[in-house]
Amino acid sequence: MTKEKEKNKLFSMFFTFLKIGLFTFGGGYAMIPLMEKEIVDNNKWLEKEKFTQTVSLTQAIPGSVSVNLSILLGYNIEGVLGAIVSALGVILPSFVIILLIALALTNLGELALLEKAFSGIRPAVAAFILYAAFSLSKSINWSTILFIIFLTSFFLTTVFNVNPIYIIAGAFIIGTLSSRFNKRNN
Amino acid sequence: MLTLLKLFGTFFEIGLFGFGGGYVIIPLIQEHLVKNNWMSIEEFLNLVAIAEVTPGSISVNSATYVGYKVYGVLGSVVATLGVISPSLIVGLLIAAFFKNGTGNTPQNILKFLAPAVIGLILGSGFTIGITNITSLINLLIFVIVLLLLVFTDVNPIVIIIATALIGIVFG
């Protein structure tokens with residue numbers, strides 16, 4: 001591919017991922033159908049099989065699902081530069097919107113009406129958070145050991161105020177050890 | 001300069017440990033907000049609500065907002081780049097490593113991470129609930145919204161608009 005063509009492709013990837021970022025509310029797996037339409041059908045950058053394979057890998061990466069999807073897809077389309085361009089494209093819309101909101105909120109000061117509105121919203125957000133835990137728990141194939149990990153994590157964070165990163169790191173280590181162990185037994 | 005480095009480092013750490021995306025970020029950010037005095041729990045809940053009604057993920061939105069509050073526009077750029085850097089680094093490593101198909105190791109590790117993450121999110125919801133549900137009307141909003149989420153497909157945006165109106169009328 002010539003330099004000029006490569007540049008054009010990166011530009012067009014940036015704007016495609018910008019469009020995807022603009023239309024994804026709440027982030028996450030909701031954007032997969034739109035991504036597939038843009039990447040597989042419209043632009044023919046990847047074949048469907050490669051697309052599906054890439055999507056299944058995203059869970060193994062920490063961070064936001066939408067950013068991870070963009071990084072992996074971008075990499076498979078156009079290497080490291082493609083990954084960077086896609087990631088920046090997908091976060092730009094929300095970055096600009098949140099920046100404007102932050103500007104507005106800090107400059108408006110304590111608007112009484114806004115504060116009243118938020119006072120009604122906050123208990124709802126607490127319910128969102130509990131529901132997130134509930135709906136994640138439905139996707140798990142529960143066993144005794146997994147339930148013990150869940151309980152340990154809950155009590156370490158609420159009762160003992162342990163930093164979440166230690167809990168996540170601990171579960172990561174248990175997972176790695178167990179996959180080593182399984183491999184040896186197979 | 002020190003503040004910018006701290007912002008980058010903090011959000012890099014949040015990005016690095018935020019497996020599973022979405023709400024797992026809440027306990028991680030909560031930990032740092034409290035420690036660094038960057039914003040109150042109330043303000044953080046406002047932010048989660050804003051993130052629900054705007055495009056983009058909670059982690060990126062939080063980084064942009066907190067970054068702006070702590071160090072203006074430059075702070076928001078630095079924090080946002082901080083939160084996506086681990087994804088970029090780990091993502092590129094994994095993409096290069098698994099170029100030919102997928103192995104089962106990540107899947108297995110994730111199996112053990114998921115219950116830990118659920119415990120963390122539940123713990124976070126628990127402490128946030130305790131500090132925020134201080135009146136009967138708040139308790140009612142909390143219970144009704146939870147029931148709506150569990151038993152219906154109602155759109156979160158609708159819930160946020162409705163509870164905002166309730167807040168304006170009764171608050």
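Since the structure is predicted, the reported quantities are computational estimates derived from the model, not experimental observations. Letters A, B, ... mirror the listed sequences (proteins, then strands); counts begin at 1.
When heavy atoms are compared at a cutoff of 4.5 Å, B:L88 approaches chain A by way of both its backbone and its side chain. With a threshold of 4.5 angstrom between heavy atoms, B:S59 approaches chain A through side-chain atoms but not through N, CA, C or O. Heavy atoms of A:I121 lying under 4.5 Å from chain B belong to its backbone as well as its side chain. Residue contact with chain A, scored on non-hydrogen atoms closer than 4.5 Å, involves the backbone and the side chain of B:V77 alike. Within the 4.5 angstrom heavy-atom criterion, no atom of B:I41 approaches chain A. Heavy atoms of A:S94 lying under 4.5 Å from chain B belong to its backbone as well as its side chain. For B:E42, the parts sitting under 4.5 Å from any heavy atom of chain A are the backbone and the side chain alike. If you measure heavy-atom distances from A:F95 to chain B, the contacts under 4.5 Å come from both the backbone and the side chain. Of the atoms belonging to A:F147, not a single heavy atom falls under 4.5 Å from chain B. Heavy atoms of A:I71 lying under 4.5 Å from chain B belong exclusively to its side chain. If you measure heavy-atom distances from A:I173 to chain B, you find no contacts under 4.5 Å at all.
Counting heavy-atom pairs closer than 4.5 Å to chain A, the top-ranked of the candidates B:I133, B:L146, B:L120 is B:L120. Top candidate by heavy-atom pairs under 4.5 Å with chain B, chosen from A:I165, A:I101, A:L88, is A:I165. Across A:N161, A:V162, A:L146, the residue that shares the most heavy-atom pairs under 4.5 angstrom with chain B is A:L146. Options A:A87, A:P123, A:A124, A:A171 differ in how many heavy-atom pairs under 4.5 Å they form with chain B, and the most are formed by A:P123. Chosen from A:I167, A:T157, A:I149, the residue pairing most often with chain B at heavy-atom distances under 4.5 Å is A:I149. Of the listed residues B:A116, B:S87, B:G91, the one with more heavy-atom pairs under 4.5 angstrom with chain A than any other is B:S87. Annotation: maximal heavy-atom pairing with chain A below 4.5 Å, among B:I166, B:I128, B:N132, B:N61, occurs at B:N61. Between chain A and the residues B:I159, B:V90, B:L122, the largest count of heavy-atom pairs under 4.5 Å involves B:L122. Highest contact tally toward chain A, considering only B:V60, B:L113, B:I89, is held by B:L113 [criterion: heavy-atom pairs under 4.5 Å]. Each of B:G125, B:A49, B:S76 has some count of heavy-atom pairs under 4.5 Å with chain A, and the biggest count is that of B:S76. Put simply, of A:I174, A:N163, A:V159, the one with the most heavy-atom pairs under 4.5 Å next to chain B is A:N163. Taking chain B as the reference chain and counting heavy-atom pairs below 4.5 Å, the highest number among A:T158, A:I168, A:L136, A:N68 is found for A:I168.
Taking both residues in full, the closest heavy atoms of B:F17 and A:A169 are given as CE2-CB, 4.2 Å, listed atom of the first, atom of the second, then distance. Looking at every heavy atom in both residues, A:F128 comes nearest to B:V145 through CE2-CG1, 4.4 Å. Nearest heavy atom pair, residue B:Y23 against residue A:A132, reads CG-CB, 3.7 Å. Here the closest heavy-atom approach between residue A:L72 and residue B:A95 is recorded as CD2-CB, 3.6 Å. Pairing each heavy atom of B:L92 with each of A:A83, the nearest pair is CD2-CB, 3.7 Å. In plain terms, the two heavy atoms of A:I140 and B:P115 that are nearest each other are CD1-N, 3.8 Å.
Rounded to the nearest 0.5 angstrom, A:S119 OG and B:I141 CD1 are separated by 7.5 Å. Interatomic distance, CD1 of B:I121 versus OH of A:Y131, reported as 13.0 Å (0.5 Å rounding). Interatomic distance, A:I61 CD1 to B:L16 CG, rounded to the nearest 0.5 Å: 12.0 Å. For the atom pair CD1 (A:I91) and OG1 (B:T64), the distance works out to 7.0 Å, reported to the nearest 0.5 Å. Atom OH in B:Y68 sits 13.0 Å away from atom CD1 in A:I98 (nearest 0.5 Å).
Residues B:L45 and A:I129 are in side-chain contact: their nearest non-hydrogen atoms beyond the backbone lie under 4.5 Å apart. Residues B:N46 and A:L105 form no side-chain contact, since every pair of their non-hydrogen atoms from C-beta on lies 4.5 Å or further apart.
Within 6.0 Å of atom CZ in A:F51, more than 12 heavy atoms from other residues, nucleotides or ligands are found, so the atom counts as buried in its surroundings. The neighbour count for A:N141 CG, taken as heavy atoms of other residues, nucleotides or ligands under 6.0 Å away, does not exceed 12.
Put simply, A:F11 and A:L92 are part of the same group of oily side chains (I, L, V, M, F, W, Y) that touch within less than 4.5 Å, one to the next. Criterion: ILVMFWY side-chain heavy atoms under 4.5 Å apart, direct or through other members. Under it, B:I168 and B:I160 are not part of a common hydrophobic cluster. Connection of B:L74 to B:V66 is established within a shared hydrophobic cluster, with ILVMFWY side chains joined at heavy-atom distances below 4.5 Å, either directly or through further cluster members. Following chains of ILVMFWY side-chain contacts shorter than 4.5 Å, one can reach A:L46 starting from A:L34, so the two form part of one hydrophobic cluster. When the side chains of ILVMFWY residues are joined at heavy-atom separations under 4.5 Å, either directly or via intervening members, B:L140 and B:L165 end up in two distinct hydrophobic clusters.
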